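Just so it is clear, the structure is predicted and the values come from calculations on it, not from any experiment. Chain A is the first sequence line, chain B the second, and so forth, proteins listed ahead of strands; every chain is numbered from 1. As a basis for the values below, the full set of heavy atoms in this structure was taken, side chains included, without hydrogen atoms, waters or symmetry mates.
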Amino acid sequence: MTSEPQKNQRPERYNAREAEARWQRVWDERGIFATANSDPRPKYYVLEMFPYPSGRIHMGHVRNYTMGDVVARYKRAMGHAVLHPMGWDAFGMPAENAAMAQKVHPKTWTYENIAAMKKQLQSMGLSLDWAREVATCDPAYYKHQQKMFLDFLAAGLVKREYRKVNWDPVDQTVLANEQVIDGRGWRSGALVEQRDLYQWVFKISDYAEELLEALDTLDRWPDKVRLMQKNWIGRSEGLLIRFALDTATTPNGESELEIFTTRPDTLFGAKFMAVSPDHPLAAAAAKENPELAAFIEQCHHMGTSQAAIDTADKMGFDTGIRALHPFDASWTLPVYVANFILMDYGTGAIFGCPAHDQRDLDFVNKYGLGNTPVVCPEGQDPASFVITAEAYEGDGRMINSRFLDGMTTAEAKEEVARRLENTFSVSGDTDSIRHHEAAGVAGPRRATAPADHPSRLASLAPQDDGSRNVPGGGSRPIAQRQVNYRLRDWGISRQRYWGCPIPIIHCEKCGTVPVPASELPVTLPDDVSFDKPGNPLDRHPTWKHIRCPACGGEARRETDTMDTFVDSSWYFIRFTDPWNEKAPTTPHVANAWMPVDQYIGGIEHAILHLLYSRFFTRAMKKTGHVDLDEPFAGLFTQGMVVHETYRTKSGEWVMPAEVTITSEGDKRTAALTATGEDVEIGPIEKMSKSKRNTVDPDDIMDSYGADVARWFMLSDSPPDRDVIWSEEGVQGASRFVQRLWRLIGEIADVDAPAARPSNFSEQALAVRKAAHRALAHVSEDIAKLRFNRCVAHIYECANALSDAIGAAESKPSPDFAWALREAGDILVRLFHPMMPHLAEECWAVLGHDSLVSTESWPEVEESLLVESTITLPVQINGKKRADVTVAREAGKAEIEAAVLALDTVQRALDGKSPKKVIVVPQRIVNVVA
RNA sequence: GCGGACGUGGCGGAACGGUAGACGCAACGGACUUAAAAUCCGUUGGGCGUAAGCCCGUGAGGGUUCGAGUCCCUCCGUCCGCACCA
């Protein structure tokens, strides 16, 4: 068919380099990816997690943004007003590290990186609306964040708290938990200390219950992520019990110890009480007891690393304080300070029931306190049920428990709760325990009043404020039902320069005073030095000195900046109207675009970023910035890009670009391209700088083009799994690009009639069916983000068209030519979301004046998907033995008759009649002989 | 320890409870070429057989079903998350 002279001057090979730049210019000039807020079409908001401007994009970005772009282009073709923006998560430590190492200002470094990465992203041909670009380090962005901080403060969503933090003594800053690796600072390698510092805290725990419950509504989120968030929030129901203390034994006459338990049923198995080394009662007791003080000191110096926790013994110190059993005042329990009690969880105090808790059992076995089993497993004889080294933590029947005996675990829990809720203490004076908090210092996160921590420790029972508020400490119940959460409030203070300043002023007289909204933004000073560690803002000569807005006296600015997770907790809403200079959002615009319909990013953000954003959106709702609870309706977490590793004999890692692979048969060997030195091929691992198994996207774009990189990223691996980047795979993608180019060329060369023929030959029909079937599959698979299957179907379609052309006569009939042309048009539009530049070029070759990027999605001709006859597999006793071809609409009886007439079936039946014939119309037939 | 996911050819992977291995990669054979590249045609789960065909095959073992990669139970392995959470 190519024997005729070319109809137009097409190069034999598609030149990606030239074509990609050209089409990117055209798209840009025509502004086709800008989205107006006034667009009346149904909205679709697709977003990929915005990058940190580290300097260069990596293959993970290529994969992430390619997936988002496929969705954006598909939805655009489907007639949606698509919002597809991009920005920069531009604050953070690396800029300061660069400042220290290279003497470059963080701002300069960041903006240079943004410029470089933007250029790289643009070379990928992403259909982004760059007019909405935001950088979180821009005062035009962070001034709104400061405003919202003040709004949240006014709404009671922010507090200042003295809390334990991870402190890096070398870098002199607070580290987030994830920046602490095996007890050491990730950058400095210094042993991390626990320090008490004032922190600004977002009260995310106020929303614990709501954040948990709403997970059920996120039906387009991966189950995995929902489960991780659920576990992170960590809800547990139990009982808050106020144990009376023998005041003769307490240092300051403390009369109560509050504990939280999920196992009130085991109360009669109690052998001891234990409080955290950080518990106020421990501190009070330590004042009078140097040995105890030394013990607490020792606990503080125990490592927080995994290994330290795993190997740490259960250790305790008897304070001499005695607690009274709630059901028997004559029964006293020793109160220990124990190293395994966390101040962060519950009330920082427990009662220990060794028989039914492994930790408690280990503890008593060490200190010789014994144990009494109180829950007997079903089917076990209570008389012979003893606990020695292994606690029984399951349910069963109550024993050794007085009035609980014989009850089930659940009944006993209920009975204990019911009784203690209706038992009233006489004292009610817990001031001695609470004095610490009243002084505004180490407010332990205790389950005192529901009003203090309304959802972290919310009362399940009707509130009985009456009894609590009786002046002089009247009676109140000994226990109340409580819900406890593992989720902690979000400390956002960082002792860093390159972050959003916290808009607060500290005044000797007035305390903490918000910066007046009219004075926002509080901008970062440019003249800072990084010659020593610590926070440059704090040692800046003038910046922090300011007049108090309230009294006019001398005051100082808050020099801590916000955790960068704050910046990324609302950028997706800012994209809806980044031009609004007056306010963070334009509510009706934000409400119209939100929620994000499809959010795509790495699984590593499953908890922190996604949970913070869910909280922040609710806080923005509460403060009137948007009317929405859940920011992300659909979430997709893509897998990593992984690659083989290469290592020289001397053990040095070598980059893929420096290696030449040769294969003889199935055996592959590698050698350094430069010297020929043999290189060992190592396991496939996540691309990382340390293993040097990275591939630079720029190199791939240069040698193959963006479309090849995009196509390969979508091929083979399901998008939520890791994809192995390999040279062979890229070359395969590259070959396919050229193949499509030739195929479309051949189709373009066919003389096709303009009018649709009224009849199609079998040959023409086959072509049409192949195209429409691919169309149906690709549409469905893009919508479900199953890009690897889209790729397979596009291959199948291209293969079918090539075969059809190969089998056709040299002078194709008009109906066949028309069908080919139609198939070509469909095919180009099908692969356009994945390979937009090639698609534009092919679209032009097919003679269209329009841009394929603005074309609508082709429509399936449903009649082409159904066959008039259908071939069913025929099984005999469940094994496939034959095929039978019947009319599509053939009924069961008709099919059965056809099947029984088959030779194979007759032979198998050997004259007998079948026991059973299962006919599943349009699926399968099974003959049971 | 707790929770979750996964296990299919040489490799990445397809497969509403219904023909296991789509599609790609790699490999092998052939065509074209002085040659190479590119391209095109073909073969490719294992075993038996000249062939028609038959048998075995989705980590292991059991079960449900006319029929199981898919559902249930037990076990093994790999990966991920959380972890002294009261």
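- A:Ile341 comes within contact range of at least one nucleobase, with a heavy-atom separation under 4.0 Å.
- With sequence neighbours excluded, no residue forms a side chain to side chain donor-acceptor pair (under 3.5 Å) with A:Thr637.
- Going from the C1' atom of B:G4 to that of B:G13 covers 23 Å, rounded to whole Å.
- Residue A:Arg742 has no polar side-chain atom (N or O) positioned under 4.0 Å from OP1 or OP2 of B:A38.
- With sequence neighbours left out, the ring-ring contact (aromatic ring centres under 6.0 Å, His included) criterion links A:Phe295 to A:Phe317.
- Along RNA chain B, the nucleotide nearest to A:Gln731 and the one nearest to A:Lys880 differ in position, and the one closer to the 5' end is contacted by A:Lys880.
- Across all strands, A:Arg881 comes closer than 4.0 Å only to sugar-phosphate atoms, never to a base (heavy-atom distances).
- Per the geometry, NE2 belonging to A:His356 stands 20 Å off C1' belonging to B:C85, to the nearest Å.
- The side chain of A:Tyr345 contributes an N or O atom lying less than 4.0 Å from OP1 or OP2 of B:A86.
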Output the pairing pattern of RNA chain B as a dot-bracket string, 5' first, Watson-Crick or G-U wobble with both distances under 3.5 Å, | for cross-strand pairs, [ ] for crossing pairs. (((((((..(((.....[....))).(((((.......))))).((((....))))..(((((..]....))))))))))))....
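- Classification of B:G4 as anti follows from a glycosidic angle more than 90° from 0.
- A:Asn799 comes within 4.0 angstrom of sugar-phosphate atoms only, judged by non-hydrogen atoms across all strands, and of no base.
- Look at CZ on A:Arg721: it is 19 Å from P on B:G4, rounded to the nearest Å.
- As a whole-Å value, the separation of A:Asp722 CG from B:A5 P is 18 Å.
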Give every pair of a protein N or O atom and an N or O atom of nucleotides 63-67 of chain B that lie under 3.5 Å apart, one pair per line with the distance.
unit_1, atom_1, unit_2, atom_2, d
B:C66, O2', A:Asn926, ND2, 3.2
B:C66, O2, A:Asn926, ND2, 2.6

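- Across B:U33 and B:C40, the matching C1' atoms stand 13 Å from one another, rounded to whole Å.
- Taking CG of A:Leu865 as the reference point, atom CZ of A:Arg773 lies at 7.0 Å (rounded to 0.5 Å).
- Separating the P atom of B:U70 from that of B:G9 is a span of 15 Å, rounded to the nearest Å.
- Rounded to whole Å, the separation between the P atoms of B:U34 and B:U43 comes to 28 Å.
- The gap from the C1' atom of B:A52 to that of B:C48 amounts to 14 Å, rounded to the nearest Å.
- Using a 4.5 Å cut-off on side-chain heavy atoms (C-beta onward), A:Trp725 and A:Met59 make contact.
- Here A:Lys915 lies out of heavy-atom contact (under 4.0 Å) with every strand.
- Contact of the A:Met834 side chain with the A:Ile794 side chain is registered, since non-hydrogen atoms from C-beta on lie closer than 4.5 Å.
- Within the 4.5 Å cutoff, the side chain of A:Leu420 has heavy atoms near those of the A:Ile241 side chain.
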Name the atoms and distances for all side-chain donor-acceptor pairs under 3.5 Å in residues 262-269 of chain A, with sequence neighbours left out.
unit_1, atom_1, unit_2, atom_2, d
A:Arg263, NE, A:Asp265, OD1, 3.1
A:Arg263, NE, A:Asp265, OD2, 3.3
A:Arg263, NH1, A:Glu393, O, 3.4
A:Arg263, NH2, A:Asp265, OD2, 3.0
A:Thr266, OG1, A:Arg263, O, 2.8

Could you pull out the protein-nucleic contacts involving nucleotides 41-47 of chain B (nitrogen or oxygen on both sides, under 3.5 Å)?
none

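- Between A:Arg13 and A:Ile603, it is A:Arg13 whose nearest contact on RNA chain B lies nearer the 5' terminus.
- With sequence neighbours left out, the ring-ring contact (aromatic ring centres under 6.0 Å, His included) criterion links A:Trp490 to A:Phe202, A:Tyr612.
- Listed by chain and residue number, nothing satisfies the side chain to side chain donor-acceptor pair (under 3.5 Å) test with A:Ser703 (two or more places apart in sequence, or in another chain).
- Neither OP1 nor OP2 of B:A52 sits under 4.0 Å from any side-chain N or O of A:Arg907.
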Where do A:Arg742 and A:Glu12 land on the salt bridge (charged side-chain N to carboxylate O under 4.0 Å, His left out) test, with the steps shown first? CA-CA 7 Å; A:Arg742 289 192 303 271; A:Glu12 251 178 67; over 6 Å; no
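- In this structure, A:Gln358 contributes its side chain and A:Ala391 its backbone to a donor-acceptor pair below 3.5 Å.
- Applying the side chain to side chain donor-acceptor pair (under 3.5 Å) test to every pair with at least one member in residues 915-925 of chain A, sequence neighbours left out, gives these pairs: A:Arg888-A:Gln922.
- B:C11 and B:A60 have their C1' atoms separated by 24 Å, with the value rounded to a whole Å.
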Listing time: all N or O pairs from protein to nucleotides 72-74 of chain B that are below 3.5 Å?
none

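- On the P atoms, B:C6 is 27 Å away from B:A86, given to the nearest whole Å.
- The residue A:Asn788 sits close only to the backbone: its heavy atoms come under 4.0 Å of sugar-phosphate atoms, none of a base.
- Nucleotides B:U8 and B:G61 are separated by 16 Å at their P atoms, to the nearest Å.
- With sequence neighbours excluded, no residue satisfies side chain to side chain donor-acceptor pair (under 3.5 Å) with A:Arg907.
- Scanning all heavy atoms of the two residues, the minimum distance from A:Pro833 to A:Leu830 falls at CD-O, 3.3 Å.
- Residue-level contact check: A:Leu342 touches the bases, meaning some heavy atom is under 4.0 Å from a base atom.
- Outside the 6.0 Å centre-distance limit, the rings of A:Phe351 and A:Phe272 are not counted as a close aromatic pair.
- In this structure, A:Gln906 has no side chain to side chain donor-acceptor pair (under 3.5 Å) partners at least two apart in sequence or on a different chain.
- Heavy atoms of A:Thr262 sit under 4.0 angstrom from primed sugar atoms or phosphate atoms, though from no base atom.
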